[in-house]
Amino acid sequence: MINVKSVCLGELENNCYLLTDEESGKSALVDCTEASAKMLAFLGNADLEYILLTHGHYDHIGGVKEIKERYHAKAVISEADAGMLSSSKLSLAAFCGGAQNNTNADILVKDEDVLTLGNTEIKVMATPGHTKGGVCYIADDVIFTGDTLFCCSCGRTDFPGGSFSEIKDSLHRLSALDKNYKIYPGHEEFSTLDFEKQNNPYMS
């Protein structure tokens, strides 16, 4: 069983999540907007094993360097987005006034990879479209969708590496899943997969 806590951080109101395997007590942070006092209070004394990055835009990675050093956690990202961790141009920080604290990935993931967090399996689903290397993380009955799937919407595709056709394909892959997963997106309110299948115009 897993426990999920959330916090909203930053000017773009990013959702970051602390996923904890209840039996072992090991945790993973999904996206890491900043290493602020609010983030540190949110993490507390978590036994943080991974920082799971849904993609590499600056508002999702700004705190990775400090948090991974402080907690000795491994930064996880797809190979296609890994360069964003060390390039303010690729992460868009240089163009949007965001923070860029250069760091490197510890683990590169691809579609259908599985990470083990205590007794919990975290499955990786490649969902390009918002970025070339966007991924979702699936654990138990939840999906962390980053900026791929929002409540009744989807991520924008007009940034470098974005593709509307690719994000539509990614959304169709998500809609093909047969469980009513809880949807935890990178911004805005939470949802469920069944609700999105019925109400999200981009999933049709």
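From H187, atom NE2 reaches atom OG of S153 across 11.0 Å, with rounding to the nearest 0.5 Å. T54 contributes atom OG1, which lies 9.0 Å from atom CG of N14 (distance to the nearest 0.5 angstrom). Between the OG atom of S204 and the CD atom of Q198 there is a distance of 13.0 Å, given to the nearest 0.5 Å. The structure places CG of L149 at 7.5 Å from SG of C136, a figure rounded to the nearest 0.5 Å. In this structure, OH on Y58 lies 15.5 Å from CG on L85, to the nearest 0.5 angstrom. Note: I122 CD1 to T116 OG1 = 8.5 Å, rounded to the nearest 0.5 Å.
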Note to self: What verdict does the side-chain contact (heavy atoms from CB on, under 4.5 Å) test give for S191 and F150, after you've listed the backbone C-alpha separation in whole Å, the side-chain angles of each residue and the deciding distance to 0.1 Å?
What the structure shows: CA-CA 8 Å; S191 189; F150 298 130; over 6 Å; no
Next item on the list: Would you sort out whether I143 and L174 count as a side-chain contact (heavy atoms from CB on, under 4.5 Å), showing the intermediate values?
Entry: CA-CA 9 Å; I143 307 178; L174 286 166; 4.2 Å; yes
Notebook entry, point to check: Run the ring pair (Phe, Tyr, Trp, His ring centres under 6.0 Å) check on Y137 and F144 step by step: do they pass?
Noted result: CA-CA 5 Å; Y137 296 99; F144 302 97; 7.6 Å; no
Next item on the list: With side-chain contact (heavy atoms from CB on, under 4.5 Å) as the test, would you mind laying out the steps for L177 and L193 before giving the verdict?
Entry: CA-CA 8 Å; L177 298 174; L193 189 57; 3.8 Å; yes
Next item on the list: Could you please spell out the steps behind the side-chain contact (heavy atoms from CB on, under 4.5 Å) verdict for T157 and S163?
Entry: CA-CA 5 Å; T157 59; S163 166; 5.7 Å; no
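In terms of heavy-atom proximity, A73 sits nearest to L48 at CB-O, 3.6 Å. Shown here for C8 and K38, the closest heavy-atom pair between the two residues is O-NZ, 3.0 Å. Between M1 and T120, the shortest heavy-atom distance links the atoms O-OG1, 4.2 Å. What you find for A126 and V135 is that their closest heavy atoms are CA-CG1, 4.1 Å. Summarising the geometry of L108 relative to A82, their closest heavy-atom pair is CD2-CB, 3.7 Å, with the distance given to 0.1 Å. Between A46 and L18 the shortest heavy-atom distance is CB-CD2, 4.2 Å.
Clustering ILVMFWY residues whenever any of their side-chain heavy atoms sit less than 4.5 angstrom apart, transitively, puts I138 in a cluster other than the one holding V30. No continuous path of hydrophobic side-chain contacts links L115 to L53 [ILVMFWY only; heavy atoms under 4.5 Å]. Both I51 and L43 are members of a single hydrophobic cluster when ILVMFWY side chains are connected at heavy-atom separations under 4.5 Å. Note on I67: it clusters hydrophobically with V7, by side-chain heavy-atom contacts below 4.5 Å among ILVMFWY residues. Two different hydrophobic clusters hold Y17 and L40 under the rule that ILVMFWY side chains link at heavy-atom gaps under 4.5 Å.
At least one donor-acceptor pair under 3.5 Å links the side chain of S170 to the backbone N or O of P128. When atom types are taken as modelled, the side chain of N199 and the backbone of F195 share a donor-acceptor pair closer than 3.5 angstrom. For the pair S78 (side chain) and G133 (backbone), a donor-acceptor distance under 3.5 Å is present. Not one N or O on the side chain of D21 forms a donor-acceptor pair closer than 3.5 Å with the backbone of I2. With hydrogens and angles disregarded, a donor-acceptor distance shorter than 3.5 Å links the side chain of K168 to the backbone of Y202. A distance-only check finds no donor-acceptor pair linking the side chain of D47 to the backbone of K26 [under 3.5 Å]. Within the 3.5 Å criterion, the main-chain N or O of L9 finds no donor-acceptor partner in the side chain of E34. In this structure, N15 contributes its side chain and P185 its backbone to a donor-acceptor pair below 3.5 Å. Under a 3.5 Å cut-off, the side chain of Q100 and the backbone N or O of M84 do form a donor-acceptor pair. Under a 3.5 Å cut-off, the side chain of H130 and the backbone N or O of G155 do not form any donor-acceptor pair.
Salt-bridge check for D111 with R173: passed, with a basic side-chain N closer than 4.0 Å to an acidic carboxylate O. We find that K132 and D81 are not joined by a salt bridge, their nearest charged nitrogen and carboxylate oxygen being 4.0 Å or further apart.
Here the side chains of L19 and L117 are in contact, with some heavy-atom distance below 4.5 Å. In this structure, L29 and L52 have side chains that are not in contact, with every pair of non-hydrogen atoms separated by 4.5 Å or more. Using a 4.5 Å heavy-atom threshold, the side chains of H60 and C32 count as separate. Between I61 and S91 the shortest side-chain heavy-atom distance falls below 4.5 Å. Annotation: side chain of V124 is not in contact with side chain of K110 (no heavy-atom distance under 4.5 Å). A heavy-atom distance below 4.5 Å is not found between the side chains of E66 and N101. The side-chain heavy atoms of T127 and I167, taken from C-beta on, include no pair separated by under 4.5 Å. T148 has its side chain within reach of L171: a pair of non-hydrogen atoms, C-beta onward, lies under 4.5 Å apart.
Side chains of T33 and D59: no donor on one and acceptor on the other come within 3.5 Å. Donor-acceptor pairing under 3.5 Å is recorded for the side chains of S27 and T20. Between H55 and D31, the side chains place no donor N or O within less than 3.5 Å of an acceptor N or O (distance only, hydrogens not considered).
Below 30°, between 30° and 60°, or above 60°: for F159 and H57 the angle between ring planes is above 60°, a perpendicular geometry.
Atom NZ of K65 is surrounded by 12 or fewer heavy atoms from other residues, nucleotides or ligands within 6.0 Å. Residue E188 places its CD atom among more than 12 non-hydrogen atoms of other residues, nucleotides or ligands, all under 6.0 Å distant. Counting heavy-atom neighbours within 6.0 Å of K197 NZ, excluding the residue itself, gives a total above 12. Within 6.0 Å of CD in E22 there are more than 12 heavy atoms belonging to other residues, nucleotides or ligands.
In this structure, K5 forms a cation-pi arrangement with F42, its terminal cationic atom sitting closer than 6.0 Å to the ring centre and no more than 45° off the ring axis.
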